[in-house]
Every structure is written in structure tokens, then in C-alpha cells.
Amino acid sequence: MSQFNLSAFEEEAHEQWTHAFESNPSDLEKYYLNVAFPYPSGAMHVGHGRTYIVPDVVARFWRMRGKQVLFPMAFHVTGAPVVGISKRIANKDEKTIRLYRDLYRVPQNILDQFTDPLTIVKHFADEYQRVMTACGLSIDWRRRFITVDPTYSKFIEWQWKHLYEAGHVMKGAHPVRYCTVDENPVGDHDLLEGDKAEVIKFTLVMFRFSDAFIPCATLRPETIHGVTNLWANPDVTYVKIKLDGKPWIVSKEAAEKLALQDHTVEVTGEIRGSDLVGKKVSHPLCGEVPILPAPFVDPDMASGMVMSVPAHAPFDYIALRDLQQKGQYTEIKPIPLIKVEGYGEVPAQYAVEKAGIANQMDSRMDALTQEIYSAEFSKGKLFDKYGGKPVRVAREEVAELMQQKYDSVVMYEFDQRPVVCRCGNKVKVKILHDQWFLKYGDQAWKQEVQDHLDTMALVPTEVRAEFDRTIWWLKDWACTRRVGLGTKFPWDPAQLIEPLSDSTVYMAYYTIAHKVREIEPKLLTPEVFDYIFLGKESEDLPEKKKLDAMRKEFLYWYPYDFRFSAKDLISNHLTFQLFHHCTVFAGQKDKLPKGMVVFGMGLLNGAKMSSSKGNVFLLEDAVKEFGGDTVRMFLMGSAEPWQDFDWRNELVLSTKKQIERFHNTVMEIKDATGEPHDIDRWLASRLQLHITKTTEALDNFQTRQALQEAYFGIETDLKWYRRRLPKDCDGSRELHELCSVWVRLLAPFIPFTGEHLWKELAGEGLISFAPWPVADAKLVSPKIELAEELLARTVEDIESIVKLIQLQPKAITIALAPEWKHQVFRTIATAQDKNTVIKEIMKDESMRKRGKETTDTAKQCTTLIHRLPPHVVAPLVQDPINEKAVFDAAKTFLSQEFGVPVHVVMAEEAGHVKALTALPFKPAIIIE
RNA sequence: GCGAGAAUAUCUAAGUGGCCAACAGAGGCAGACUCAAGAUCUGUUCCCGAAGGGGUUCGCAGGUUCAACUCCUGCUUCUCGCACCA
């Protein structure tokens with residue numbers, strides 16, 4: 001007799017699985033699924049577990065359904081993070097070392113080698129494979145690769161050649177966050193502060209000051225007509241510079257920034273802010289305006305000089321008001337120039353006064369500024385004397401004018417500050433040259449992708465909106481890098497292909513990964529891949545025989561059926577890969593991806609899993625502690641894939657008990673020898689339903705739903721079945737078939753236990769390849785199920801009455817409704833018009849004779865019909881069951897259940913008032 | 001701020017107009033078995049009830065409907081994404 005011992009089952013199964021899931025083209029229909037490959041920079045936690053177990057369950061399901069399934073895996077090692085990690089380890093950074101030594105438990109001798117980034121990813125790639133195998137993932141490991149393999153690099157080069165030829169790769173300049181100390185662009189994760197800051201474009205409006213220009217940065221160049229003065233900070237020292245040879249006056253900080261933004265900057269002198277105050281500058285369009293003192297002007301914000309438009313900018317309005325209240329500059333009046341509905345003559349004044357704002361410190365100032373900004377931008381129009389154009393048009397025109405006529409430039413600046421690098425230095429905006437882009441901003445390309453997306457299957461359907469939005473939101477993507485691991489950029493070998501951009505068509509590479517290795521990398525020209533993937537013939541192809549084999553693999557497997565990934569990849573990777581597929585396989589619509597399944601996130605004890613915070617539970621530990629099947633079943637059963645799930649050890653523990661219970665039940669009943677009873681037919685009928693529902697659920701990737709049906713659904717039925725069996729019988733020989741079905745339905749979820757039980761059941765071969773159960777329509781009997789439901793409901797009713805009256809019953813009588821009540825029931829259930837149905841019934845003379853009894857019955861039946869599920873009412877009308885026969889047959893069972901004699905009579909024979917309440921499907925119950 | 005979702009009993013969670021006091025699991029409580037613990041099994045787990053019933057519920061406030069957990073409107077709260085990074 002088999003004892004429940006998960007780790008023994010696991011060992012048994014692993015032995016048989018070693019090469020079992022290596023998959024080759026065959027005569028069978030294929031099913032190709034894949035998952036976003038991991039970046040192995042650390043150990044796997046249980047959150048990763050689900051990401052890979054869901055596709056495995058699906059893979060196992062389709063394999064059992066007779067498809068040739070390909071489930072490959074590889075490792076993404078390109079990029080910068082591990083380079084940083086290796087540096088930190090080399091620098092003996094305590095926090096990093098603790099993470100790797102203590103949490104990920106990397107042995108010291110290996111940790112010592114982590115100063116080399118490639119060693120890190122190779123170490124964890126091996127670990128990933130080990131843990132994935134421990135989880136029972138049915139992966140074809142022959143196809144494993146890492147993204148710096150020379151052959152893979154060749155494949156990337158081929159892919160990029162196509163992108164380039166399609167005109168999607170472009171060289172350009174690009175503003176980036178830049179640290180002048182590190183002399184490097186700064187990514188989100190390198191920021192101490194300001195990760196939400198965006199780079200925005202300021203127009204510099206040029207005011208002439210003697211022989212130089214003072215540039216004022218603004219987002220609203222169209223308000224130039226309303227400038228009444230400039231603001232300068234009297235406590236700041238400004239510098240005179242030559243910007244590209246032209247004399248300017250800006251803050252010191254601004255001079256440094258401009259130097260990073262494609263300009264030559266030569267500092268020629270200094271001038272104190274206080275020396276500027278009171279002077280006049282000439283307005284670019286007409287006349288002169290004064291420079292006023294303003295301590296609030298931040299030299300580190302854009303040019304360090306501000307133009308004041310008090311009619312439209314609340315800050316300017318208040319600053320001016322403050323000065324005027326001290327009796328200064330009273331001659332200056334706000335000059336309105338934009339008309340916008342609902343903001344009076346002078347919008348800034350109107351808004352400030354309406355809000356009752358007293359001074360610049362008011363916390364509502366920002367919101368107010370934003371409000372006016374938006375209102376004017378969307379609805380505002382310039383006054384006729386200034387051209388009468390909408391704000392959005394005028395803005396462009398003034399910006400244009402400044403650059404054409406006044407040698408103004410665009411200045412990039414953050415929309416909020418401070419932005420601080422990890423090193424503590426302030427981050428600036430730098431324009432990077434020799435930067436290459438993928439033109440995701442290209443409208444035609446977007447449209448191609450959109451057209452294809454519309455034909456794809458997306459699970460869950462809600463994510464479609466997010467994909468749609470991403471496609472149109474994507475802008476050109478900087479696709480080369482200077483640091484990290486990766487493939488050299490073909491058109492500039494000093495740079496590397498950006499890591500997200502090198503992992504977009506690799507699903508096609510899987511189809512040949514194990515074979516392409518046999519060819520020397522240097523022979524892998526673009527022509528070779530053109531032949532394999534596109535069928536393009538060319539002269540002198542090397543190793544033609546091998547290429548043909550690969551071509552065959554590709555044609556057999558591609559396109560992939562489903563790609564699985566966590567939902568945070570929608571806005572980049574998952575959409576990128578569609579762009580790339582559309583280009584590389586242009587003109588071959590049948591090679592484009594067919595579907596995607598997007599997952600939710602993982603929580604640990606209710607909190608987000610995070611390696612850096614130490615809130616992780618390592619997958620390997622989970623498998624060791626609870627067993628692979630337990631981890632699988634828990635992860636699949638606690639939520640549907642696209643929902644967030646929460647890992648809690650207590651719950652996992654009870655999952656293990658469930659598997660044990662399943663194992664023990666199967667072992668108990670599989671060899672039952674009893675003769676089949678009527679209830680066996682019921683059980684068989686129910687089983688077909690569970691087969692159908694489990695299959696449907698897995699068809700739709702609903703792992704939780706499937707598990708509910710396949711595990712709990714069958715278990716509950718089995719309980720009722722065993723309760724219904726005669727005392728001396730512990731099951732019929734037909735239970736063997738039930739066990740066989742049951743074990744197979746659960747095999748995708750708990751394959752280790754599955755393999756073991758399959759052997760115990762003397763099943764043929766491995767359960768991993770056993771045929772998936774198919775519901776047999778001949779075994780389905782709605783009538784038997786309905787009769788059983790009647791019985792179960794009646795038993796429930798009796799139980800609840802017995803409990804309520806707290807009497808020890810001596811006998812139970814079940815009184816059945818007479819035929820005329822069934823007639824009433826049927827008439828009401830089928831009635832079109834609920835209002836006239838009673839009249840209809842009363843047309844019958846025998847009904848009329850019963851008078852009130854009939855009307856009461858009609859009312860009760862109406863209520864009852866509402867309460868019964870449709871699946872009960874419908875058959876009751878079409879093909880009524882013989883209640884007498886049902887209860888007569890169950891008499892023994894009923895008296896056994898309640899320990900008293902049970903009588904079954906027709907209501908009119910009962911001679912008891914209670915009997916009169918009998919209704920169809922709800923017999924009267926008389927307890928004495 | 002913008003975009004995409006979510007809110008159901010102690011927890012996880014099913015439920016898209018009448019099957020609903022609401023599937024299932026976990027947990028709690030009571031009981032059986034046991035010397036005992038664990039495991040297992042049974043009952044119970046919003047309130048009331050000595051006859052299968054009644055009452056109040058599914059974030060908050062309204063609305064549509066004979067009928068709403070389910071549809072509509074507004075509000076509140078939460079999660080995810082907003083990129084040059086895997």
C-alpha cells in the first residue's frame with residue numbers, strides 16, 4: 001500500500017522525466033507556449049514560481065490532450081544591473097553582500113567570483129534551471145540559451161538588419177538625465193530623489209539687455225504680449241556668457257546646464273542680481289520692461305530669470321501685488337491677452353481673488369496655476385489685436401519666432417526638483433549624441449501592430465485596453481547603451497543593443513536553439529537566418545542540411561500560440577515584441593503571435609514581495625518544505641493567474657493535506673469490488689460534468705476554477721456517494737475508472753503525485769502523456785441527477801427541521817404532492833403572462849372545485865419556481881420525475897440516515913394537515 | 001496628475017438582473033474517534049426562530065427595474081503602469 005510521501009514521489013518522477021519533455025516536430029498538432037524569460041540576477045522566490053508554473057500547467061494540459069507541446073526556457077543576461085552588482089560586490093558593499101550571502105545563500109567561494117558579472121548570471125541561470133526542474137516544469141531544456149551566446153548575437157544582428165532596412169532604426173540626439181560626477185546617464189533606480197520628474201522643453205524668450213540677451217524660460221511663450229517685467233533674484237550672482245558665440249546673461253547653474261545641451265558656453269563675466277534690478281530690458285516685440293527683484297526666483301530653475309505675466313500667471317500676479325502693496329512699481333498694470341470663458345477680464349487676478357489667496361506661500365498656488373494653464377490651453381484664444389489665434393497655435397508660433405529671429409534655443413529642464421543621483425550630485429539634463437532609436441513613434445508602424453493586436457487572443461480580456469493604449473503612447477525608444485552586457489550594435493560597435501530590444505523575437509529562436517549551436521557562429525550570416533525563418537533562398541548557404549532541419553522546426557512550431565508574462569511588461573516588452581514581429585515577419589501574417597496571457601503580481605503575507613526589503617520566500621525553500629506539488633497546487637488554486645495572489649504558509653500547509661487526502665482516497669477506493677448500485681450511475685453522470693468543466697476552465701487558463709472542479713467538485717460528490725452506499729458496501733468496481741479520470745484531471749497541477757498514482761492504478765506509460773479524460777455523453781443523465789437533487793434537498797430539509805424542533809423523532813413520513821399540483825406547477829412554470837395564469841388554471845373544472853386550495857397552491861408554486869434553479873425547473877416541466885419511485889428506492893438510505901422508520905406516501909393518504917403543504921420537488925415532511 | 005483595474009462575511013474568494021444569506025477553500029467553535037496530540041470525520045460559523053421560515057447584508061450615496069452583489073451616476077479607498085529599466 002502506497003504511503004503518502006511527496007518527496008519520494010518527486011524523486012520517482014524526476015527519474016522518468018529526464019528527457020521526457022524534449023519535444024520535436026511530429027505528426028501531431030503543435031501547441032507552442034512560452035514565457036518571458038527571467039533575468040537571473042538573484043534567487044527565485046515564490047512569486048516567480050507562479051509565473052512559470054501557470055504555463056507548465058497549461059503545457060501539461062495540452063500535452064495530455066494529444067498535442068505536441070513545446071515549452072522552452074532561456075535566460076536573459078543582457079543589461080546593466082549585474083554589472084552594478086558585481087561592482088558593489090567588488091567594492092565590498094555590505095548590503096549587497098548580505099543579500100547574496102544570507103538571503104540567496106550563495107556559497108562564499110562562488111560569491112568571491114561575483115566580481116565578474118557574467119559569473120553572477122550564469123550561476124543563477126543554473127540555479128533557476130535546478131529550481132524550475134524541482135517544481136516539475138516540463139521544459140525542453142535542450143533549447144536553453146543565454147542572451148550573450150555568440151549564436152544568439154548573430155540572430156540579434158539578423159533581426160536588427162530587418163528593423164534597420166524597414167527604416168525603424170534611426171540615429172539622433174536625445175535628452176537624458178545625466179550625472180556630471182558619474183559622467184553617465186541616470187536611470188530610475190539610480191536616483192535618490194525625483195524619480196517622478198519629467199524632462200520638459202522650455203522655450204527661452206529673449207529680452208535684450210544692452211548688448212546681451214536675457215533668456216527667460218517659459219512653457220507659455222504665447223503670453224509674451226502680456227509681459228510687464230522680468231524677475232531677477234537680487235541675491236544671486238548671474239554670469240555673462242557667450243552661448244554659441246552670442247552674449248547672454250543667465251544664472252551660473254543655467255550656464256552649466258546649457259553646456260550639456262549641445263551648446264558651447266564661455267563664461268566672460270559676472271553680474272550681481274541686485275545690479276540687474278531696476279534696469280530695463282527691451283521687449284522682443286515692442287517697448288521696454290523693467291527688471292524687478294524677486295527672492296523667489298530660483299537660479300537652479302531653467303535660465304534663472306523669469307518673465308512676469310501677472311494677468312495670466314497667479315505667481316506673477318501675487319508677486320507684483322506684494323510689491324505694489326509696499327508702494328513700489330504702482331505704475332505697472334497686468335496686461336491681459338487671452339480670453340477664456342469663466343475667468344473674467346484678468347484670469348490670474350480673478351482666480352486668486354476667487355480663491356481668496358493671500359500670499360505666495362498658499363498651498364493652492366500650484367493647483368491654481370495648473371488650472372489656468374489648462375483652461376487657457378484648451379479653451380483660450382488670444383485677443384484679436386494679438387492675432388486672435390487659439391493658445392495652442394500661438395504658442396508654437398512664438399516659440400518658432402524666438403528661435404528664428406532671436407537665436408533662442410530649447411532648454412530642457414525637469415518639471416520638478418530636486419532630482420538627485422545616488423552619488424548625491426544634482427542630476428541635469430544632457431543631450432546625448434550618437435544615440436540610436438527604434439522608431440516606435442512611427443504612426444504607420446503603430447498601425448501595423450494595432451491591426452495585428454486586434455486579431456490576437458488576450459487573456460484576460462481586460463488587458464486589451466492597456467495594450468491599445470501602450471501602442472499609441474510609445475515614443476521613439478533609445479535602443480543603444482554604453483554599459484552592460486549585450487550584443488554589439490551593428491552600426492556602432494562601441495555601443496550595445498539595449499537589453500529590452502534584444503529580446504523581442506527570441507521565441508522564434510527557441511525553435512532552432514538546440515540545432516543552431518551545431519553551426520559555427522561566424523557562418524551564421526543574415527542570409528542563413530533569412531533562409532531559416534523567412535524561407536529566402538540564397539547562394540552558397542553553408543550546412544544546408546542542418547538549415548533545412550531548422551527551417552522545418554521553425555515552420556512546425558511558429559507562430560507561438562501563447563506567451564505568458566506578468567502584467568508589468570505590457571507597457572514595454574510585450575508590446576515591443578509585437579512591433580518587432582510585425583517587421584521581421586512582414587508579409588507573413590501566419591508567423592505573428594497568436595495570443596498572450598497576462599498575470600497578476602505576488603504578495604507574501606499580504607505585502608508586496610521585494611528582494612531588497614527581504615520580503616521574499618525562496619521558491620527552493622518552499623519546494624523543500626512543502627513539496628513541489630503543494631507549491632504548484634497552492635499557487636494555481638489560490639487565485640486565477642491574472643489576479644494577485646498572496647502566499648501564506650498556513651494556507652500552503654493545508655494544501656498539502658488536501659493532496660494527501662486525495663492520495664489516500666484514491667488508494668482506498670481504487671480497488672473496490674462491490675457491485676454497482678443506482679448511485680454509481682449518478683456518480684458517473686456527475687463525473688462527466690466535472691470533466692467538461694475542468695476542461696473548459698483550463699481551455700481558458702482558469703487554473704483556480706479548474707482545480708475547484710477537478711478537486712473539490714469530485715471530492716464532494718464522492719462524499720455523497722459514499723454516504724448513499726448501503727452499509728455493507730464500500731464502493732463498486734466502477735470506482736477504478738473514477739480514480740483514473742480523477743488522477744488525470746489533477747495531473748497538470750500535481751504531476752508528481754499524479755505519476756505515482758498513475759502507476760498504482762496500473763496506467764500505461766507516464767501520466768504526463770496519458771490521454772486527457774473526455775466526457776462521455778452516454779453517461780450523462782440529467783434525470784438521475786435531478787432525482788438525486790430532490791433526495792438531497794429533502795434530506796437537508798429533514799435535518800434542519802430535526803435540529804430546530806430538538807425532538808428525537810420516532811418516525812418520518814414523506815408525503816408527496818398529488819398530480820394536480822404538478823399540473824399547476826407546470827402551468828405556472830411555462831406561463832407567458834404571469835397575471836392571467838391563475839385564471840388559466842381556473843378554467844379547469846376540477847381545479848375550480850378545489851377553490852382556495854388551488855389558488856394557495858398556485859401562489860406557493862410561484863414562489864417555489866423562483867427559488868429553484870433553472871436547471872431544475874426546466875426538466876421538471878418537460879419530463880417530470882416519479883417522486884414516489886425516487887423516495888421508495890431511497891427508503892433504506894433514509895431510515896439509515898435518521899435512524900427511524902421512514903414512510904413514503906401520497907399526500908392525500910397521509911391523513912395529516914402538514915401533508916397538505918406538499919409541493920412538487922418539495923414533499924411535505926411529517927416528523928413524529 | 002494621466003491611464004488600466006479592484007472593493008463581497010475572520011481571511012482567500014465565486015458570483016454579471018430573479019437560482020443568493022451568497023460556490024469553494026482556509027481559519028474559529030462544538031462533537032465523534034483517541035490514553036493524548038496530530039490526522040481524519042460530523043455539525044456549526046450575520047441576527048431571530050420548537051417545522052423546512054423571517055429579518056438585515058455584498059466600500060459609501062443616489063438612480064433604473066415588478067426584481068440589483070450584478071446595470072447607471074457621483075464619491076471614497078486600494079493595486080498596477082506612466083519607460084531609456086529588468
Output field: ring centroids [X]/[Y] closer than 6.0 Å:
| X | Y | answer |
| --- | --- | --- |
| A/W742 | A/F662 | yes |
| A/Y711 | A/F749 | no |
| A/F645 | A/F634 | no |

Could you give the distance separating [M] and [N] at their [atom1] atoms, to the nearest angstrom?
| N | M | atom1 | value |
| --- | --- | --- | --- |
| B/A24 | B/U45 | P | 13 Å |
| B/G1 | B/G74 | P | 16 Å |
| B/A37 | B/G28 | P | 15 Å |
| B/C58 | B/U10 | P | 13 Å |
| B/U8 | B/U64 | C1' | 22 Å |
| B/C60 | B/A6 | C1' | 16 Å |
| B/U73 | B/A4 | P | 14 Å |
| B/U76 | B/C19 | P | 33 Å |

Of the nucleotides [options], which has the atom closest to the [X] side chain?
| X | options | answer |
| --- | --- | --- |
| A/R867 | B/G54, B/A86, B/A51 | B/G54 |
| A/R661 | B/A51, B/C19, B/U40 | B/U40 |
| A/L804 | B/A86, B/G49, B/G3 | B/G49 |
| A/K914 | B/A51, B/C11, B/A26 | B/A51 |
| A/S654 | B/G53, B/A26, B/A83 | B/A26 |
| A/K719 | B/C11, B/U42, B/C85 | B/U42 |
| A/E466 | B/A26, B/A86, B/A4 | B/A4 |
| A/E498 | B/A51, B/C19, B/A86 | B/A86 |

Quickly work out the [X] [atom1] to [N] [atom2] distance and round it to whole Å.
| X | N | atom1 | atom2 | value |
| --- | --- | --- | --- | --- |
| A/I798 | B/G53 | CD1 | C1' | 17 Å |
| A/L864 | B/G53 | CG | P | 10 Å |
| A/D644 | B/U12 | CG | P | 12 Å |
| A/L718 | B/C41 | CG | P | 12 Å |

At 4.0 Å (heavy atoms only), tell me whether [X] reaches a base, stays on the sugar-phosphate, or touches nothing.
| X | result |
| --- | --- |
| A/Q643 | sugar-phosphate |
| A/D476 | base |
| A/L868 | sugar-phosphate |
| A/I805 | base |
| A/A924 | base |
| A/T917 | base |
| A/K656 | nothing |
| A/P499 | sugar-phosphate |
| A/R704 | base |
| A/I570 | nothing |
| A/P923 | base |

For [N], does OP1 or OP2 lie under 4.0 Å from any side-chain N or O of [X]?
| X | N | result |
| --- | --- | --- |
| A/K803 | B/G43 | no |
| A/Q708 | B/A13 | no |
| A/R481 | B/C85 | yes |
| A/Q658 | B/A26 | yes |
| A/K567 | B/U79 | no |

Between A/T703 (side chain only) and A/M636 (backbone N and O only), is there a donor and an acceptor less than 3.5 Å apart?
yes
I'd like to know if the side chain of A/Q495 reaches the main chain of A/D434, judged simply by a donor and an acceptor atom lying under 3.5 Å from each other, with no hydrogens or angles considered.
yes
base_contact_polar (B/A86 base, A/N572 side chain, donor-acceptor, <3.5 Å)
yes
Could you check which nucleotide pairs with B/G38 in any of the strands shown, counting Watson-Crick or G-U wobble with both distances under 3.5 Å?
none
In the structure shown, which nucleotide is the Watson-Crick or G-U wobble counterpart of B/G1, with both distances under 3.5 Å?
B/C82
If the threshold is 4.0 Å, N to carboxylate O, is there a salt bridge linking A/E789 and A/R793?
yes
Looking at A/E715 and A/R661, is any side-chain nitrogen of the basic one under 4.0 Å from a carboxylate oxygen of the acidic one?
yes
Contacts of A/H76 and A/K657 projected onto RNA chain B by closest heavy atom; the upstream (5') one is A/K657
Please tell me which of A/G79 and A/K475 maps to the more 5' nucleotide of RNA chain B, matching each residue to the nucleotide holding its nearest heavy atom.
A/K475
Would A/W473 count as stacked on B/C82 if the rule is ring centres under 5.5 Å and plane angle under 30°?
no
Are the side chains of A/L432 and A/R482 in contact, using a 4.5 Å heavy-atom criterion?
yes
Pick out which of A/Q435, A/K171, A/E498 makes a side chain to side chain donor-acceptor pair (under 3.5 Å) with A/T480.
A/Q435
